[in-house]
> 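Shown below is the structure under consideration.
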Amino acid sequence: MPGNDPLKLRRSYGRPLTTSRFWEPTLARDPHWAQPSLRGKLAEMESGPLTSRDVSLEAGPLRGRGIRAMRMLSAEPSALIAGVVALLLGGLLILGALNQHLDGDFQGEIILTQRGLHTGVFPGNFLLYSLTALLAGFSTSSSIIDLSFAAVLAIAIATKVWVGARYAIAEDAKTSASHARGRELVLVVTAATLCALAFSLPGLTGVNYYLGQIPANVWHNGTTILLMPFAVGLFWVSLNYLRTPDTKYLWWSLPLAAVGIAAKPSFATCFLAIFPLAALVRFRLTKETLRAWCLAVAIGGALALQYVYVYVIDPSGSRDGVSSGVQLAPFKVWGFFLSGHAVQATSWPTTSFLPVAVPIAILSSYAFPIVALLLGGRSIRSNRGVQYALALALVGLAEYALLAEQGAAFADGNYTWAAIVTQYTLYLATITAFVSMIRVRGWGVGQVVIALVFATNIGAGVSYIIHWFATKSFL
């Protein structure tokens, strides 16, 4: 008899392994066993065969700790290297845009920073301006502020890539039931990193290069760039809570959401629409759901305070645009961007080009997720990260389609950013699920098509950056 070791029982008799009385005492005695990666492995053991490789890797606590340490040493530097590369390239891109005086929001954001240094009044989304001022040593020198501004955004780009790579490594390990190594690890990290270049297919709608579509990235708006890493982090930790209701994930979610709101509130509005509902569906009316709702109330309170500051208190010099609040304006902003001029109609059916232009814009923007969902099968459609990201993206798209600011700020299209940020998390979740599927099932015709569409979106991103520098216009 192999004794009470469940791995030996599984190896000897070939029967499915369950988390029975043989296993639970071991988990209770040794906290090193009770890691999320091992719990994911246990779930895979229950639903599928255990290979000899799995047995050799997880043969005991001491060997398991050593294997985990080696995996950490291999995975952590990979994500860090991706972040460093993004730091260097992102810094060069932002500095180049400032040096070439490219069209965009950078100059306006720098002016708001300088104005805040002189008056002490910053916009409601104060994070970019205050970090720039802090890094500049509160100097009012234009050259120093430019360098500080570029450094803040370069760090944000690097952090987005680093967090995204870590998300991909962790999620791939859960989905594939094994940690990627060697070339597989390079594939996982590279795919996640390339999301930072993903862009909608250009020139298919409207008169602009990208306005009217929903790219996964923007390069001309500093507050959106700064928001991205906090949005990815909040997406990841809240997804982990929906899987394993550990309160530590809620404690992580709170500061990530608060700092994200300080950068830009776009992702928080989508999060508040989906996370409480997802918790209810996942946990029903239990204490886990109530905890999630308490988090949502706290985040909603932070949003309310920001709204009061921006639209009620409205201190002089806190913003450029003039807005008196938010209005329900179906497809007016979208039509404005697609047509190149303001749409005066109150609803889209009275504007003849929208019923054709909007679906084309959606297809050109969401081409990769759509193709992956259609051809990827259950491996992608049943992936919890993809489902959660898709729900957030749908809310972001709805905000873009239905909401607008009142007054002169209408033309700023500030509810566009929610669709863009949630598009990025959807790309990241989808490509991670796709790479995991490749690792488990290999390549087929459908997988090749999905990869080609993703590569096309990456090419579109590179093309857009070239277009931006060549024409000095972000449109």
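The first residue of the sequence shown is numbered 1, and numbering continues consecutively from there. Only heavy atoms go into these numbers, but all of them, side chains included; no hydrogens, no water, no symmetry mates.
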> Please evaluate residues Arg166 and Glu76 with respect to the criterion side chain to side chain contact (heavy atoms under 4.5 Å, CB included), reporting the C-alpha separation (whole Å), side-chain torsions for both, the decisive distance (0.1 Å), and the verdict.
CA-CA 8 Å; Arg166 292 202 59 187; Glu76 288 294 336; 3.0 Å; yes
> Report the distance from atom CG of Leu98 to atom CD of Gln107, rounding to the nearest 0.5 Å.
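That separation rounds to 6.5 Å.
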> Can you check whether Leu295 reaches Phe271 side chain to side chain, under 4.5 Å on heavy atoms?
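Counting from C-beta outward, Leu295 and Phe271 do come under 4.5 Å.
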> For the pair Glu405 (side chain) and Val326 (backbone), establish whether a donor and an acceptor sit closer than 3.5 Å, ignoring hydrogens and angles.
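Here the side-chain-to-backbone pair does not exist.
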> Do the side-chain N and O atoms of Tyr464 and Asn217 include a donor-acceptor pair separated by under 3.5 angstrom?
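No pair is found: no donor N or O on one side chain lies under 3.5 Å from an acceptor on the other.
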> Looking only at atom types and distance, does a side-chain atom of Asp412 sit under 3.5 Å from a main-chain N or O of Asn414, one as donor and one as acceptor?
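Flag not set: sc Asp412 to bb Asn414 has no pair under 3.5 Å.
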> Spell out, as yes or no, whether a donor-acceptor pair under 3.5 Å connects the side chain of Thr113 to the backbone of Ala133.
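Flag not set: sc Thr113 to bb Ala133 has no pair under 3.5 Å.
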> Any heavy-atom pair between the side chains of Phe368 and Ile431 that's under 4.5 Å?
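Yes - at least one pair of side-chain heavy atoms lies under 4.5 Å apart.
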> Going through the checks in order, is the side chain to side chain contact (heavy atoms under 4.5 Å, CB included) test met by Thr175 and Val440?
CA-CA 9 Å; Thr175 305; Val440 173; 5.9 Å; no
> Picking from Leu187, Val186, Val188, Thr193, what satisfies side-chain contact (heavy atoms from CB on, under 4.5 Å) with Thr190?
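Answer after filtering Leu187, Val186, Val188, Thr193: Val186.
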> Distance from Leu153 atom CG to Met228 atom CE, nearest 0.5 Å?
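That separation rounds to 12.5 Å.
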> Any donor and acceptor pair, going by atom type alone, linking the side chain of Ser364 with main-chain N or O of Ala361 inside 3.5 Å?
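Yes, because the side chain of Ser364 sits within donor-acceptor range (under 3.5 Å) of the backbone of Ala361.
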> Give me the atom names and distance for the closest heavy-atom approach of Leu338 to Val358.
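Scanning both residues completely, I find the closest heavy atoms to be CD1-CG2, 4.0 Å.
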> With side-chain contact (heavy atoms from CB on, under 4.5 Å) as the test, pick out the partner of Leu227 among Val259, Val421, Val232, Leu127.
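The side-chain contact (heavy atoms from CB on, under 4.5 Å) with Leu227 is passed solely by Val421 among Val259, Val421, Val232, Leu127.
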> So which heavy atom on Tyr309 is nearest to which on Val121, and how close?
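Looking at all heavy atoms of both residues, the closest pair is OH-CG1, 3.9 Å.
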> Find out whether Asn125 and Gln306 are in side-chain contact, i.e. whether some heavy atom of one side chain is under 4.5 Å from a heavy atom of the other.
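In contact.
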> Please examine the side chains of Leu397 and Thr422, heavy atoms only from C-beta on, and report whether any two atoms are closer than 4.5 Å.
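When only atoms from C-beta onward are counted, Leu397 and Thr422 do not touch, as no gap falls below 4.5 Å.
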> For a 4.5 angstrom cut-off between non-hydrogen side-chain atoms, does Asp103 reach Lys472?
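They are not in contact (no side-chain heavy atoms under 4.5 Å apart), so the answer is no.
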> Taking all heavy atoms of Val395 and all of Ala273, pick out the closest pair and write down the distance.
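Val395 and Ala273 have their closest heavy atoms at CG1-CB, 3.9 Å.
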> Using a distance-only test with no angle check, is there a side-chain donor-acceptor pair under 3.5 angstrom linking Thr269 and Tyr415?
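Distance-only check fails for Thr269 and Tyr415.
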> Give me the ring orientation class for Phe149 and Phe106: parallel if the planes are under 30° apart, tilted from 30 to 60°, perpendicular past 60°.
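Rings of Phe149 and Phe106: perpendicular, as their planes differ by over 60°.
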> For the residue pair Ser365 / Gln423, report whether a side-chain donor-acceptor contact shorter than 3.5 Å exists.
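No donor-acceptor contact under 3.5 Å links the two side chains.
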> Does any part of the side chain of Ile465, heavy atoms only, come nearer than 4.5 Å to the side chain of Phe469, both counted from C-beta?
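Side-chain contact under 4.5 Å: yes.
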> Quick one: which of Phe267, Phe275, Tyr167, Tyr424 gives a ring-ring contact (aromatic ring centres under 6.0 Å, His included) with Phe235?
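Result for ring-ring contact (aromatic ring centres under 6.0 Å, His included) with Phe235: Tyr167.
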> Mark yes or no for whether Gln213, through its side chain, and Ile362, through its backbone, hold a donor-acceptor pair below 3.5 Å.
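Checked: no pair found.
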> Would a distance-only check, ignoring hydrogens and angles, find a side-chain to backbone donor-acceptor pair under 3.5 Å from Trp293 to Pro276?
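It does hold such a pair.
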> Compare every heavy atom of Asp172 with every heavy atom of Ala180, then report the nearest pair and how far apart it is.
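That would be CB-OD2, 3.7 Å.
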> Which heavy atom of Ile420 sits nearest to which heavy atom of Pro215, and what is that distance?
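For Ile420 versus Pro215, the nearest heavy atoms are CG2-O, 3.4 Å.
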> Would the number of heavy atoms belonging to other residues, nucleotides or ligands and lying under 6.0 Å from CZ of Arg243 be above 12?
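Enclosed: over 12 neighbouring heavy atoms sit under 6.0 Å from CZ of Arg243.
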> Answer yes or no: is there a side-chain heavy-atom contact under 4.5 Å between Ser142 and Gln114?
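Ser142 reaches Gln114 side chain to side chain.
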> Kindly indicate whether the side chain of His467, heavy atoms from C-beta on, has any atom under 4.5 Å from the side chain of Tyr210.
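A side-chain contact under 4.5 Å is absent here.
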> Is there a donor-acceptor contact under 3.5 Å linking the side chains of Tyr311 and Gln406?
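The answer is no; no qualifying pair exists.
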> Could you tell me whether Tyr400 and Trp334 have their ring centroids closer than 6.0 angstrom?
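Aromatic pair counts; centres sit under 6.0 Å.
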> Mind listing the closest non-hydrogen atom pair of Ala367 and Asn457 along with its distance?
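For Ala367 and Asn457, the tightest heavy-atom pair comes out as CB-OD1, 4.4 Å.
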> Would Lys264 and Thr224 count as a side chain to side chain contact (heavy atoms under 4.5 Å, CB included) here? Give the steps.
CA-CA 7 Å; Lys264 204 181 199 84; Thr224 303; 3.4 Å; yes
> Counting only N and O atoms by type, is there a donor-acceptor contact under 3.5 Å from the side chain of Glu109 to the main-chain atoms of Gly222?
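Pair found, side chain donor or acceptor close to backbone of Gly222.
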> Say whether Thr471 and Ser473, considering side chains only, have a donor N or O and an acceptor N or O under 3.5 Å apart.
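No, Ser473 and Thr471 have no side-chain donor paired with an acceptor closer than 3.5 Å.
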> Could you walk me through whether Trp252 and Leu234 pass side chain to side chain contact (heavy atoms under 4.5 Å, CB included), step by step?
CA-CA 8 Å; Trp252 274 108; Leu234 180 57; over 6 Å; no
> Would you find more than 12 non-hydrogen atoms of other residues, nucleotides or ligands less than 6.0 Å from Trp417 atom CH2?
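It does: Trp417 CH2 has more than 12 such atoms within range.
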> Does a donor on one side chain sit under 3.5 Å from an acceptor on the other, for Glu171 and Thr432?
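Not at all, the side chains of Glu171 and Thr432 share no donor-acceptor pair under 3.5 Å.
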> What distance do Asn221 atom CG and Phe474 atom CZ have between them, rounded to the nearest 0.5 Å?
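Spacing of CG (Asn221) from CZ (Phe474) equals 8.5 Å.
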> Centroid separation under 6.0 Å, is that true for the rings of Phe434 and Phe454?
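No; Phe434 has its ring centre 6.0 Å or more from that of Phe454.
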